[in-house]
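Here's the structure we're looking at; comments come further down.
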Amino acid sequence: MIVDFGRNPSMKHYHCVPAFVSKLWTLVEAPSTNDLICWSQDGCSFLVQDEQQFSKEVLPLYFKHSNMTSFVRQLNMYGFHKVVHMDSGLPKSDGQVNCVEFQHENFQRAQPHLLGLICRKIIKFIINIVQLNGIKGCKRRL
Amino acid sequence: MIVDFGRNPSMKHYHCVPAFVSKLWTLVEAPSTNDLICWSQDGCSFLVQDEQQFSKEVLPLYFKHSNMTSFVRQLNMYGFHKVVHMDSGLPKSDGQVNCVEFQHENFQRAQPHLLGLICRKIIKFIINIVQLNGIKGCKRRL
Amino acid sequence: MIVDFGRNPSMKHYHCVPAFVSKLWTLVEAPSTNDLICWSQDGCSFLVQDEQQFSKEVLPLYFKHSNMTSFVRQLNMYGFHKVVHMDSGLPKSDGQVNCVEFQHENFQRAQPHLLGLICRKIIKFIINIVQLNGIKGCKRRL
DNA sequence: AGCGTTCTAGAATATTCGTTA
DNA sequence: CTAACGAATATTCTAGAACGC
């Protein structure tokens with residue numbers, strides 16, 4: 001397995017590592033955004049320091065949106081879990097920024113070889129009414 | 001059903017008309033881009049005059065991409081069909097721009113009340129291996 | 001039915017109108033925060049002009065949190081729907097702030113008598129007749 | 001027992017890439 | 001050859017579920 005540590009978000013992603021996971025790794029590693037997103041001290045999780053600035057400035061560099069909620073939906077989709085802090089939900093004192101932490105057992109600093117183990121949860125089923133382009137009709141119209 | 005024909009892309013679209021169809025209508029109607037996308041003469045189809053310029057300049061104003069292929073995929077998804085021209089496939093002479101034409105029986109000039117009849121083809125099925133967070137385990141970790 | 005239009009968030013809420021709905025009405029009506037949350041032009045929906053500033057400055061005045069996601073969860077819980085705009089998700093030009101719009105058929109300007117019709121969705125929980133510890137296990141770990 | 005807050009998941013559309021007919 | 005489709009991930013809006021009050 002190969003992981004690309006390219007400096008810009010246009011790096012390739014390889015077949016064993018989903019695009020999201022590859023981008024996330026690059027994102028957390030990137031020194032230029034370490035003030036907004038970085039590894040935790042022990043390297044077993046990552047921190048987003050200022051959710052609002054992060055979503056508006058960093059997310060669109062890697063994804064087609066700037067919504068923290070979409071980012072979190074993807075994290076959950078890949079099995080990441082929020083690390084809940086004792087003071088979450090409490091009002092912040094002045095100048096204190098919020099801090100969000102997420103964790104996945106196979107997403108750890110200096111352990112890129114584990115990334116291939118992170119997989120997306122598959123949607124269980126979908127249905128139903130298929131709009132047929134004229135059931136007996138031709139599939140091509142001139 | 002209500003469709004908003006507002007002049008700018010910030011107008012709403014309502015639940016009976018899918019976002020794509022609502023955007024497409026606005027796009028074809030918009031006078032500012034009539035040189036790139038417009039109704040055909042009889043109003044039963046629409047034309048894209050310069051595929052390249054259209055995809056790079058117009059699409060990102062309405063969608064999260066600038067790829068003609070993604071636009072076409074959506075058109076097919078909603079039951080639109082390409083109108084094949086006699087000279088398609090022939091080499092273009094200098095200065096002649098390509099022209100693409102698409103059609104849907106419920107997408108016609110001055111007939112917005114038909115838009116609600118245009119519906120997306122539903123994906124027929126999806127499968128499979130669900131990553132279980134520990135089958136017997138909890139769904140939430142703190 | 002009585003609705004309290006009190007100026008401060010400590011107003012009472014009355015039995016026919018849930019606390020959340022009562023607070024929401026007060027919030028939208030309040031002139032002091034009209035730059036962040038207000039009625040739409042036709043009075044059939046309400047707008048949040050700057051999601052980030054709104055969540056940090058206004059929400060904690062009325063609720064025990066400052067998270068937009070919690071606010072939205074409540075809105076959905078009471079049957080409100082987001083009104084999707086055509087340009088949603090597209091990159092904003094300079095100085096252009098995001099705008100979120102929500103709607104409920106019984107939440108309209110100058111129609112407080114309708115508020116009593118807004119009710120919370122009932123939780124559709126499944127009763128586990130037999131407590132199957134070890135099989136279904138706990139759903140949360142501490 | 002019901003409401004409020006939080007974390008996670010469901011469900012539908014959107015985007016991409018590759019294949020089919 | 002190419003229009004149309006399959007299939008997977010991505011993004012969005014809404015709902016499920018746990019827990020505290």
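In the text below, chain A, chain B and the rest are named by the order of the sequence lines, each starting its count at 1.
Side-chain N/O atoms of A:K82 include none lying less than 4.0 angstrom from OP1 or OP2 on D:dT6. Within the 4.0 Å cut-off from OP1 or OP2 of E:dA4, at least one side-chain nitrogen or oxygen of B:H81 is found.
Under the side-chain contact (heavy atoms from CB on, under 4.5 Å) criterion, A:S40 pairs with A:D42, A:S45, A:L47, A:E101, not counting sequence neighbours. For C:F107, the ring pair (Phe, Tyr, Trp, His ring centres under 6.0 Å) partners at least two apart in sequence or on another chain are C:W25, C:W39, C:F46, C:F80. Applying the side-chain contact (heavy atoms from CB on, under 4.5 Å) rule to B:V100 yields the partners B:V48, B:E51, B:K82, B:F102; only residues at least two apart in sequence or on another chain are considered. The ring pair (Phe, Tyr, Trp, His ring centres under 6.0 Å) test applied to B:F63 returns B:F20, B:H65, not counting sequence neighbours. Scored by the side-chain contact (heavy atoms from CB on, under 4.5 Å) test, C:R120 finds C:Q74, C:M77, C:Y78, C:I123 as partners (sequence neighbours excluded).
Taking atom CG of residue C:N76 and atom P of nucleotide D:dC3, one finds them 16 Å apart after rounding to whole Å. Taking atom CG of residue A:L59 and atom P of nucleotide E:dT12, one finds them 10 Å apart after rounding to whole Å. Note: CG (B:L24) to P (D:dA14) measures 11 Å, nearest angstrom. Remark: C1' of D:dC7 and CD of A:E101 are 15 Å apart, rounded to the nearest angstrom. The separation between C:E51 atom CD and E:dT12 atom C1' is 13 Å, rounded to whole Å. Following rounding to the nearest Å, A:M68 (CE) and D:dT8 (C1') show an atom-to-atom distance of 14 Å. As a whole-Å value, the separation of B:K121 NZ from E:dA7 P is 14 Å. Regarding C:F80, its CZ atom lies at a distance of 13 Å from the P atom of E:dA15, rounded to whole Å.
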Would you list the protein and nucleotides 15-17 of chain D atom pairs, both N or O, that sit under 3.5 Å from each other?
residue	atom	partner	partner atom	Å
D:dT15	OP1	B:K64	N	2.8
D:dT15	OP2	B:H65	NE2	3.4
D:dT16	OP1	A:K64	NZ	3.1
D:dT16	OP1	B:N67	ND2	3.0
D:dT16	OP2	B:N67	ND2	2.6
D:dT16	OP2	B:S70	OG	2.4

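Taking every heavy atom of both residues into account, C:D50 and C:N98 meet most closely at CA-OD1, 3.9 Å.
Side-chain atoms of B:T26 come within 3.5 Å of backbone N or O of B:S22 as a donor-acceptor pair.
When heavy atoms are screened at a 4.0 angstrom cut-off, C:Y78 is found touching the sugar-phosphate backbone but no base atom.
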